[in-house]
Amino acid sequence: MKIQMIGAALGAGAQDQRCAQGPSALHESRLIETLKTKGLEVGDFPILNSFGQASYLEALPLIAAFNKGLAAKVGTHFLRGEFPVVIGGDHSIAAGTWSGIANSLGGDLGLLWIDAHMDSHTVESSETGAVHGMPLAALLGHGEVGLSQIGTAKAKLKPENVCLLGVRSFEEGEARLLKELGVRVYGIDEIESRGFQICLREAHAQITRATAGFGITLDLDALDPVHFPSVGSPVDFGLRYDAVKRGLESLAFDPRFCALEIVEYNPSLDESGLSATMVIEILASTLRARQDAELLACTATGT
Ligand SMILES: [Mn+2]
């Protein structure tokens, strides 16, 4: 299984735009070399850049154009039988990544959205106008058409095929939309009381029940900032790094796992480089599990 890393150097969707430097900083932290030494089949690491400068709602046309290109690139690699891994950038790139997969999958897409926030605003409900607060609404077919109708006019996700995990900061408008649609949200209180692994397994069962494949998008602000402070919008009391790393590894043994996205790494807040190492470790363990699953499946079918 060939893993195709894609950098999405976009920061225009966030208030703090410095996560645009995430892909290049990880590249300089020897991301690709480390994955190769772990036995992973990775090629090059092209980084898509956004041209032009804008912020808040004024950035919408720029972000829509960027995501259109990202979706095409992700879809092309996926249709070649490769496993796309998109590295952000702010979370507005999710509209591109998952439109690219949904348009190419040939069936419904399941998605696990690990995040401190809901990212389910529309232009009307957003209080800040920051576009990284809108990608999930767009993928569900709501809000700005430049984000919600990439490639096709169809909604990329059905509400019953998405679960959010780790949420602890949200506004009324986006919560109302998810509630009306019936999207399952695992807030931090439920995760604390029932246990992370139990909630994760339940979410995995839901997003694979009626889908042709599933993806994971990890917004690093889901992690507790005590352990992982290097993000655009930190929120206290998050998920534990080890639990998330082990959890992603366990889900990645499922051969239906078809793409991964990691966003919001802010290298300006990572002077020691420790957070970069943590991101690379999560990628290595998750992709290793996915590759092993592929090898096992090939052995089982004799191919
Ligand atoms: Mn997010």
Side-chain angles (χ1 to χ4, degrees), residues 8-20 22-23 55-56 59-60 63 66-67 70 85-99 101 111-123 125-140 142-144 147-148 156-157 162-171 173-175 177-178 183-188 191 203 207 215-225 228-239 241 244 247-248 259-267 269 275 278-279 282:
L10 183 86
Q15 285 105 322
D16 184 339
Q17 305 205 353
R18 295 177 295 176
C19 48
S55 45
Y56 302 104
L60 266 169
I63 294 170
F66 181 90
N67 274 320
L70 178 60
V85 179
V86 179
I87 305 292
D90 74 66
H91 216 168
S92 68
I93 64 162
T97 300
W98 303 110
S99 292
I101 298 291
L111 187 60
L112 181 62
W113 194 285
I114 307 176
D115 206 314
H117 308 93
M118 288 180 170
D119 295 356
S120 297
H121 273 299
T122 60
V123 168
S125 74
S126 173
E127 289 166 22
T128 63
V131 183
H132 72 160
M134 307 179 187
L136 182 52
L139 289 164
L140 289 161
H142 293 262
E144 183 67 18
L147 298 177
S148 65
K156 311 305 174 197
L157 290 169
V162 192
C163 287
L164 290 88
L165 201 71
V167 173
R168 56 195 186 276
S169 171
F170 54 88
E171 279 103 40
E174 54 181 347
L177 177 67
L178 291 183
V183 173
R184 181 72 165 93
V185 179
Y186 292 86
I188 205 76
I191 294 168
I207 63 171
I216 299 174
T217 182
L218 172 62
D219 187 325
L220 292 161
D221 69 25
L223 301 172
D224 197 302
F228 197 100
S230 319
V231 293
S233 319
V235 186
D236 285 344
F237 306 114
L239 301 172
Y241 168 75
V244 171
L248 292 195
L260 171 67
E261 177 181 68
I262 298 188
V263 299
E264 300 276 346
Y265 167 59
N266 184 344
L269 303 174
S275 295
M278 290 163 83
V279 174
I282 287 187

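Both counts, for ligands and for their atoms, begin at 1 and track the order of listing. Each residue takes its place number in the sequence, starting with 1.
In summary, the side chains of Thr217 and Glu261 do present a donor paired with an acceptor at a separation below 3.5 Å, with no hydrogens or angles considered.
Annotation: salt bridge (charged side-chain N to carboxylate O under 4.0 Å, His left out) contacts of Asp16 (sequence neighbours excluded): Arg18.
Counting heavy atoms from C-beta on, the side chains of Phe170 and Leu164 never come closer than 4.5 Å. Side-chain contact between Leu147 and Val131: present, with at least one pair of heavy atoms (C-beta onward) separated by less than 4.5 Å.
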For a side chain to side chain contact (heavy atoms under 4.5 Å, CB included) check, start with the C-alpha distance between Leu136 and His91, then their side-chain angles and the critical distance, and finish with the verdict.
CA-CA 9 Å; Leu136 182 52; His91 216 168; over 6 Å; no
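Without hydrogens or angle criteria, Asp224 side chain to Gly238 main chain gives a donor-acceptor distance under 3.5 Å.
Within the protein, the N, O or S atoms sitting under 2.8 Å from the Mn ion (ligand 1) are His91 ND1, Asp115 OD2, Asp119 OD2, Asp219 OD2.
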